[in-house]
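A quick write-up on the structure given underneath.
Each chain gets a letter, A, B and so on, in the order the sequences are listed, and its residues count up from 1. Keep in mind the model is a prediction, meaning the values are calculated, not measured.
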Amino acid sequence: MPELPEVETIMRNLRRGNGASPLPGQRIERVTIRWPRHIAEPSVGSFRRRIRDRTIVDVRRRGKYFVFPLDHGTLLIHLRMSGDLQLTERGTPSGPYDRTVFHLKSGQQLRFSDARKLGKVFLLDDPETLLGKLGPEPLDADFTPQVLSSRLASHRRALKPLLLDQSFLAGLGNIYTDEALHRAQLHPLRRSDSLNQDEVNTLWRGIRDALYQGLRHNGASIDWVYRGGNFQHYFRVYQRSGKPCLACGTTIERILVNQRGTHYCPTCQPEVST
DNA sequence: AGCGTCACCCGGACGC
DNA sequence: TGCGTCCGGGTGACGC
């Protein structure tokens, strides 16, 4: 499932062009919409009309969103569970899950494929109506341990659901949350306002380390969808239940936390009486 | 505020 | 071989 490192990796490829021409500067001629419910805003008809002849000015990421500032308005795409974005050369055979295809003046196509159809596409005048709800970027320089500390203290939730909450912190999903908590040696059910300063610092480090390692390996390819990365070979806890902890040998456990599969090491991440 | 639940989806795993 | 069933997971809506 595309989380920050996967979205960032795909974003960099689009920006560079990766063999094809870079996406910034390219013009959209028209769009093919094979699954209209992908278009979240505006209406499909309005979207189709307004996207014509727009120039893609830049390619960015905010949280798990792709952000494409246009000469008029901003295109935003969220991959959710099973989405992928590819920049393809003229004549590339279409895939079975290509849902929305942007035909570019260059002959290339920007293809949004999404097997499970949960992704979303937006065309907004003001992207902040969407992006403004997001919490800080965990890799930004102004995301300091102090920022994390004060945000943690203002909630009394378990760490796991809090870290998954995009308005608390933008970009973590199930994989990187579990990986970050293991690095920080914190139990997923630990209450956010119970951490001392050392533990906050360790959590900050754990979040950044997990994300940086994901980025270094171009993200994780755990579904049949995104195939670009190999971070899945370096998971310490995610989908490793029943296997030995790489740090201490204890068997990794899987529990449900707010209906989310949660993987952790009972020895490295002890339950704390708070 | 935070939690539980449901809905949206469908490929793949599993059981028979 | 082929069918039926369940699961996972990001997010938003809704109710408590």
Under 3.5 Å, which N/O atoms of the protein pair with N/O atoms of nucleotides 13-16 of chain C?
none

Legend entry - More than 12 heavy atoms from other groups under 6.0 Å of CZ on A:Arg205: yes
Inset, instruction - Return each pair, listed once, that meets ring pair (Phe, Tyr, Trp, His ring centres under 6.0 Å) where at least one residue sits in residues 111-136 of chain A; pairs must be two or more places apart or across chains. - result: A:His38-A:Phe112
Inset, instruction - Using a strict cut-off of less than 4.0 Å between a Lys/Arg side-chain nitrogen and an Asp/Glu carboxylate oxygen, indicate whether A:Lys160 and A:Asp165 qualify as a salt bridge. - result: no
Inset, instruction - Specify the separation, in whole Å, of atom CG of A:Leu4 and atom C1' of C:dG10. - result: 14 Å
For nucleotides 4-8 of chain B, print each protein N/O atom paired with a nucleotide N/O atom at under 3.5 Å, atom names and distance only.
residue, atom, partner, partner atom, Å
B:dG4, OP2, A:Asn258, OD1, 2.7
B:dT5, OP2, A:Gln259, NE2, 3.0
B:dC8, O3', A:Arg37, NH2, 3.3

Inset, instruction - Using whole Å, report how far CG of A:Asp178 lies from P of C:dG10. - result: 10 Å
Inset, instruction - Could you state the atom-to-atom distance from NE2 of A:His38 to C1' of B:dC9 in whole Å? - result: 10 Å
Inset, instruction - Output every pair passing salt bridge (charged side-chain N to carboxylate O under 4.0 Å, His left out) with a member in residues 67-89 of chain A, not counting sequence neighbours, ordered by first then second residue. - result: A:Arg54-A:Asp71
Inset, instruction - Specify the separation, in whole Å, of atom CD of A:Glu3 and atom C1' of C:dG10. - result: 9 Å
Inset, instruction - State whether A:His155 places a side-chain N or O below 4.0 Å from either non-bridging phosphate oxygen (OP1 or OP2) of B:dA1. - result: no
Inset, instruction - Output yes when at least one side-chain N/O atom of A:His78 is less than 4.0 Å from OP1 or OP2 of C:dT11, else no. - result: yes
Inset, instruction - Please determine if A:Arg99 and A:Asp114 form a salt bridge, counting it only when a charged side-chain N lies under 4.0 Å from a carboxylate O. - result: no
Inset, instruction - Could you check which of B:dG11, B:dG2, C:dT11 has an atom nearest any side-chain atom of A:Lys64? - result: C:dT11
Inset, instruction - Starting at atom CE of A:Met81, determine the distance to atom C1' of B:dG11, rounded to an integer number of angstrom. - result: 11 Å
Inset, instruction - Measure the acute angle between the ring planes of A:Phe231 and A:Tyr234, then classify it against the limits of 30° and 60° as parallel, tilted or perpendicular. - result: parallel
Inset, instruction - Take the protein atom OH of A:Tyr176 and the nucleotide atom P of C:dG9, then report the distance between them rounded to whole Å. - result: 14 Å
Legend entry - Criterion side-chain contact (heavy atoms from CB on, under 4.5 Å) against A:Arg111, the qualifying member of A:Asp98, A:Thr100, A:Thr32: A:Asp98
Inset, instruction - Determine which pairs satisfy ring pair (Phe, Tyr, Trp, His ring centres under 6.0 Å) with at least one residue from residues 244-270 of chain A, sequence neighbours left out, and list them in order. - result: A:His187-A:Tyr264, A:Tyr238-A:His263
Legend entry - Counterpart residues, salt bridge (Lys or Arg N to Asp or Glu O under 4.0 Å), relative to A:Arg60 (two or more places apart): A:Asp58
Legend entry - DNA chain C: 5'-proximal contact among A:Leu130 and A:Arg254 (nearest heavy atom): A:Arg254
Inset, instruction - Name the nucleic acid region contacted by A:Arg260, choosing base, sugar-phosphate or nothing; use a 4.0 angstrom heavy-atom cut-off, strictly under. - result: base
Inset, instruction - May I ask you to decide whether A:Glu199 forms a salt bridge with A:Arg190, counting only side-chain N to carboxylate O separations under 4.0 Å? - result: yes
Inset, instruction - For the helix from B:dG2-C:dC16 to B:dC16-C:dG2, measure the angle between the helix axis at one end and the axis at the other, each built from five pairs, rounding to 10°. - result: 40°
Inset, instruction - Using the test salt bridge (Lys or Arg N to Asp or Glu O under 4.0 Å), find all partners of A:Arg30 that sit at least two apart in sequence or belong to another chain. - result: none
Inset, instruction - Go through the structure and list residues passing salt bridge (Lys or Arg N to Asp or Glu O under 4.0 Å) with A:Glu3, not counting sequence neighbours. - result: none
Inset, instruction - Give A:Lys120 one of three labels, base, sugar-phosphate or nothing, depending on what nucleic acid heavy atoms sit under 4.0 Å from its own. - result: nothing
Legend entry - Those residues of residues 160-167 of chain A lying under 4.0 Å from DNA chain B by at least one heavy atom: none
Inset, instruction - Could you tell me whether the side chain of A:Ser167 and the main chain of A:Lys133 form a donor-acceptor pair under 3.5 Å? - result: no
Inset, instruction - Compare side-chain N and O positions of A:Tyr238 against OP1 and OP2 of C:dG9 and report whether any pair is under 4.0 Å apart. - result: yes
Inset, instruction - Whole angstrom is fine here: how far is it from CD in A:Gln239 over to C1' in B:dG12? - result: 13 Å
Inset, instruction - Round to the nearest Å and state the distance from A:Leu172 atom CG to C:dG9 atom P. - result: 15 Å
Inset, instruction - Can you sort out the partners of A:Arg12 under salt bridge (Lys or Arg N to Asp or Glu O under 4.0 Å), two or more places apart, ordered by chain and number? - result: A:Glu8
Legend entry - Those residues that, when tested against A:Tyr65, pass ring pair (Phe, Tyr, Trp, His ring centres under 6.0 Å) (two or more places apart): A:His78
Inset, instruction - For B:dC3, take OP1 and OP2 only and decide whether either is under 4.0 Å from a side-chain N or O of A:Arg157. - result: yes
